[in-house]
Amino acid sequence: MAVLPYIVGNWKMNGTRAMLAEARAIDRAASRFPGVEVALAPPFTLIGAMREAVNDIGVGGQDCHVKPSGAYTGDVSAPLLVDTGADFCIVGHSERRAMAHETDALVRAKAEAAQAAGLGVILCVGETEAERDSGHAEKVVTDQLAGSLPQAGDAAAKLSVAYEPVWAIGTGRVPSVDDVGAMHRAIRAKLVATYGEAGAAVRVLYGGSVNAGNAAELLAADEVGGALVGGASLTAESFTAIIGAAAALAEHG
Ligand code: PEP
């Protein structure tokens with residue numbers, strides 16, 4: 001069975017209850033495109049209300065703690081995410097790797113904790129601008145995967161990888177389609193080397209300044225199975241255009 005393209009919005013630290021109207025509009029739009037799997041990752045505080053407000057889209061967290069419960073003031077665990085209605089969790093976003101100093105080992109532990117709680121996982125990797133300029137982008141990304149891909153149990157089954165060049169996030173700059181394709185092929189090779197046949201079915205999303213204008217060409221790049229979208233997922237208008245681009249590609253190739 002063909003795997004559906006996966007279009008995921010990361011709302012980061014944005015989204016009060018007033019934005020549930022936008023989530024409802026995205027949900028209505030998603031229901032018109034059954035050939036695309038759509039999801040939103042709002043802040044923790046909005047997950048429960050969003051879950052109640054939508055029918056056809058996934059709702060997930062942007063991070064989780066490695067432990068299921070305990071004395072970790074201010075943190076949220078994977079079982080707590082499940083309890084509030086989440087069905088997936090992003091781990092290893094570059095903003096957390098940079099600002100919260102998350103290591104590959106910690107990201108792997110988070111991915112495994114999320115999967116153990118029954119959540120799907122979107123594992124983020126990506127190089128900095130200096131790493132790309134020095135010609136080491138592929139090594140950086142495959143090393144991140146070596147250190148952070150989950151290994152416990154049936155790890156590939158509920159896993160997506162998001163390739164997000166750090167220099168493309170929120171900047172309006174995107175890699176060339178050829179560079180996206182080359183990196184996604186390298187990621188696929190690493191997934192197959194790690195998981196065998198199951199690695200061939202893991203969706204590899206592109207993320208970094210995806211918008212209504214560039215989505216079609218980025219989604220058409222080699223081995224791109226969807227997109228992780230920040231800024232352009234905050235309004236139904238721009239996010240729906242990206243979902244529509246994925247649907248058109250899935251239908252017409
Ligand atoms: C992100 O933060 O995951 C992201 C891709 O952001 P943006 O689309 O705004 O670049």
Side-chain angles (χ1 to χ4, degrees), residues 5-15 19 22-23 26 36-44 46-47 50 57-64 86 88-100 102 107 110-111 114 119-129 131-132 137 140-141 144-145 148 159-177 179-180 183-184 187 203-221 223-246:
Y6 193 24
I7 305 295
V8 184
N10 172 16
W11 278 13
K12 310 194 187 196
M13 201 169 69
N14 303 290
M19 273 185 68
E22 220 60 47
I26 289 168
V36 181
E37 186 177 343
V38 178
L40 288 173
F44 292 131
L46 205 61
I47 290 173
M50 187 180 285
I57 65 173
V59 179
Q62 301 169 12
D63 181 39
C64 66
F88 74 97
C89 186
I90 297 169
V91 297
H93 191 281
S94 64
E95 286 155 14
R96 295 207 58 82
R97 287 179 185 262
M99 295 176 208
E102 293 195 358
V107 172
K110 289 184 174 199
L119 294 167
V121 163
I122 300 175
L123 170 69
C124 301
V125 290
E127 82 285 358
T128 63
E129 184 160 31
E131 288 163 344
R132 175 152 289 271
V140 167
V141 167
Q144 284 176 341
L145 289 171
S148 57
L159 176 69
S160 303
V161 169
Y163 167 54
E164 301 206 302
V166 177
W167 52 272
I169 294 179
T171 60
R173 297 166 56 206
V174 291
S176 70
V177 171
D179 283 349
V180 171
M183 185 62 84
H184 279 239
I187 292 171
R203 284 179 293 199
V204 185
L205 318 181
Y206 169 77
S209 294
V210 176
N211 59 40
N214 62 21
E217 67 167 354
L218 289 165
L219 288 166
E223 293 289 352
V224 173
L228 181 56
V229 184
S233 70
L234 290 170
T235 68
E237 189 184 0
S238 52
F239 199 47
T240 301
I242 295 167
I243 299 166

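Atoms within a ligand are numbered from 1 in the order they appear, just like the ligands themselves.
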Determine yes or no for a side-chain-to-main-chain donor-acceptor pair under 3.5 angstrom, with Trp11 supplying the side chain and Pro43 the backbone. no
Glu22 meets the salt bridge (charged side-chain N to carboxylate O under 4.0 Å, His left out) criterion, sequence neighbours left out, with none
Quick check: does any side chain N or O of Gln62 sit under 3.5 Å from a backbone N or O of Pro42, one acting as donor and the other as acceptor? yes
Pro5: side-chain contact (heavy atoms from CB on, under 4.5 Å) partners, not counting sequence neighbours: Val36, Ala246, Ala250
Glu164 and Arg97 ion-paired at < 4.0 Å: no
Which protein residues have a heavy atom under 4.0 Å from ligand 1? Asn10, Lys12, His93, Glu164, Ala168, Ile169, Gly170, Gly207, Gly208, Ser209, Leu228, Val229, Gly230, Gly231
Can you name the residues that form a ring pair (Phe, Tyr, Trp, His ring centres under 6.0 Å) with Tyr163, not counting sequence neighbours? His184
